[in-house]
S.K.: 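Submitted below is the structure of interest, expressed as structure tokens.
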Amino acid sequence: EKGGYKHFMLKEIYEQPKAIADTISGKLSIFEKKNEKILTNFDKIQIVACGTSFHAGLIGKFFIESISRIPVSVDYASEYRYRNPIIDKKTLIIAISQSGETADTLAAVRLARKKSAKVVAICNVIGSTITREADYTIYTHAGPEISVASTKAFTTQLAALFLFAVEVAKVRKTIDEETENKLLNELSEIPKKLKTFLDSENEKKLIRNIALEFYNSQDALYLGRFVNYPIALEGALKLKEISYIHAEGYPAGEMKHGPIALIDEKMPVVVIAPKDRVYEKIVSNIEEVKARKGKVIAVTNANCPEIKKLADFTIEIPTTEELLYPFLTVVPLQLFAYHIADFLGYDVDQPRNLAKSVTVE
Ligand code: M6R
């Protein structure tokens, strides 16, 4: 059932182009006329989730705020439910959960509904508890995700959030038709671009070699800015959970405020640096890391000579519209964590102490 792959995680990483394409073409029927009220009847959004789904939520905030101009807060479900949050009829809750069974996310859904807010779930499992309790469900079409480390569920959650942002903007007329078409077009190009990256023998070899270089590290730092800041968190989570190497993700601008003290010649620093609005800023962050002799692994685009010159390793991803980079930047980080765990001989699909769905709080 692993289709020739050594682990489910690797298979699921490679399934992402198809999973994203299926989610995009699955059409969000939430936008049928009868549901339009769900989309117009709120003035703020609260996203609740745990783990990797929480990281998708952080990126969803960028999508929704920049495209639909509605304020979005994102919270861990386990924090949200115990802090007496401000919820009213004008709050839309988006609960993101691959399994639809996560105890804290479910509790947050129940709390919000009790306070008469509407709940939209983004979920991968048909008929799961969260989908039964939400007012509406947007399904991701990732197919079953077996590996405990979430990969294709994450990128399909991103696709659902992006479609949601565009649809809300359309209904509320915060974007014109031309922008809408441009955004949707760029999104529909993602599966192809990802496939090109995943099929490239050079990139495959390169990521394995980088993993070989660093699999004995004690710690790793992940840095990103703007929409790739949550990808730094996600990259660090992937490494921690399957390779048991301590890793932290940070917004690159926060480095000077503490984490820079950790950097020495042994420290791998993964920097997510595509050519976007913060490119120049992140180049300076790389200079700061190199000045302390840290080892830089950069995820960037071709034709970024500044980064090529500075970094110890550069992984090149295709170009896209700047909001969509997380779809492409997360994949080399998934592969990097995978190869490290595999080199260390760990049970990649069933890491210690973890369960696929956390049904107790
Ligand atoms: O099923 P859910 O999306 O609600 O699960 C949330 C987290 O437990 C999950 O994303 C977890 O963090 C993964 N093991 C991360 O790879």
Side-chain angles (χ1 to χ4, degrees), residues 7-13 15-16 19 23 47-60 74-81 93-110 112 119-134 137-161 222 230-245 247-249 326 330-331 333-338 340-341 346-361:
H7 296 98
F8 281 110
M9 181 180 178
L10 193 59
K11 173 172 178 262
E12 288 161 8
I13 290 172
E15 281 171 349
Q16 287 178 108
T23 301
I47 297 180
V48 291
C50 303
T52 287
S53 299
F54 171 77
H55 297 152
L58 292 176
I59 295 168
V74 191
D75 217 335
Y76 289 112
S78 57
E79 285 297 314
Y80 182 78
R81 56 181 293 205
I93 308 290
I94 302 181
I96 309 174
S97 176
Q98 187 284 130
S99 61
E101 304 295 346
T102 300
D104 284 315
T105 311
L106 177 60
V109 166
R110 289 183 176 153
V119 176
V120 170
I122 295 181
C123 190
N124 196 43
V125 178
I126 297 173
S128 56
T129 312
I130 289 176
T131 67
R132 281 186 272 114
E133 301 213 7
T137 300
I138 299 172
Y139 281 107
T140 47
H141 295 272
E145 192 182 62
I146 311 287
S147 161
V148 165
S150 186
T151 55
K152 60 178 181 169
F154 176 72
T155 41
T156 56
Q157 287 163 349
L158 295 185
L161 286 160
Y222 286 72
I231 295 299
L233 303 181
E234 174 61 8
L237 177 63
K238 287 288 92 91
L239 190 67
K240 277 182 267 212
E241 71 177 329
I242 59 171
S243 76
Y244 320 142
I245 293 173
E248 287 195 63
V330 76
V331 175
L333 307 190
Q334 295 167 344
L335 285 168
F336 180 60
Y338 170 79
I340 289 190
Y346 293 138
D347 186 349
V348 175
D349 290 330
Q350 290 289 338
R352 68 184 183 201
N353 308 340
L354 290 171
K356 182 63 185 160
S357 57
V358 183
T359 51
V360 290
E361 64 167 287

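Just so you know, ligand 1 is whichever comes first in the structure, and atom 1 is the first atom listed for that ligand. Source: prediction; values computed, not measured. Numbers here are sequence positions counted from 1.
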S.K.: Give the residue, atom name and distance (to 0.1 Å) of the protein heavy atom nearest atom 8 (O) of ligand 1.
M.R.: V358 CG2, 4.1 Å
S.K.: Counting C-beta onward and ignoring hydrogens, is there a side-chain heavy-atom pair between Y244 and P351 closer than 4.5 Å?
M.R.: yes
S.K.: With the side chain counted from C-beta on, respond yes when Y222 and L239 share a heavy-atom pair under 4.5 Å apart, and no when they do not.
M.R.: yes
S.K.: Could you establish whether E101 and ligand 1 come within less than 4.0 Å of each other, counting only heavy atoms on the residue side?
M.R.: no
S.K.: Under 4.0 Å from a heavy atom of S53: give me the atoms of ligand 1 that qualify, with their elements.
M.R.: 2 (P), 3 (O), 10 (O)
S.K.: Using non-hydrogen atoms of the residue, decide whether L354 is closer than 4.0 angstrom to ligand 1.
M.R.: no
S.K.: Does a side-chain N-to-carboxylate-O contact under 4.0 Å join K240 and E248?
M.R.: no
S.K.: With respect to K356, determine whether any N or O atom, backbone or side chain, lies less than 3.5 Å from an N or O atom of ligand 1.
M.R.: no
S.K.: Are the side chains of E241 and L354 in contact, using a 4.5 Å heavy-atom criterion?
M.R.: yes
S.K.: If the cut-off is 4.0 Å to any non-hydrogen atom of A149, which atoms of ligand 1 fall inside it?
M.R.: 16 (O)
S.K.: Looking at E145, K356, H55, Q98, which one forms a side chain to side chain donor-acceptor pair (under 3.5 Å) with S150?
M.R.: E145
S.K.: Out of C50, A56, A77, indicate the one that has the non-hydrogen atom closest to atom 7 (C) of ligand 1.
M.R.: C50
S.K.: Please state which protein non-hydrogen atom is closest to atom 13 (C) of ligand 1 and give its distance, to 0.1 Å?
M.R.: V148 O, 3.7 Å
S.K.: Ion pair present between K152 and E15, side-chain N to carboxylate O less than 4.0 angstrom?
M.R.: yes
S.K.: Which atoms of ligand 1 sit under 4.0 Å from any heavy atom of E241?
M.R.: 13 (C), 14 (N), 15 (C), 16 (O)
S.K.: Please determine if S97 has a nitrogen or oxygen closer than 3.5 Å to a nitrogen or oxygen of ligand 1.
M.R.: yes
S.K.: Side-chain donor-acceptor pair under 3.5 Å between S53 and Q157, yes or no?
M.R.: yes
S.K.: Report yes if some N/O of Q157 lies less than 3.5 Å from some N/O of ligand 1; otherwise report no.
M.R.: no
S.K.: N/O to N/O below 3.5 Å, does that happen between S357 and ligand 1?
M.R.: no
S.K.: Looking only at atom types and distance, does a side-chain atom of R81 sit under 3.5 Å from a main-chain N or O of D104, one as donor and one as acceptor?
M.R.: no
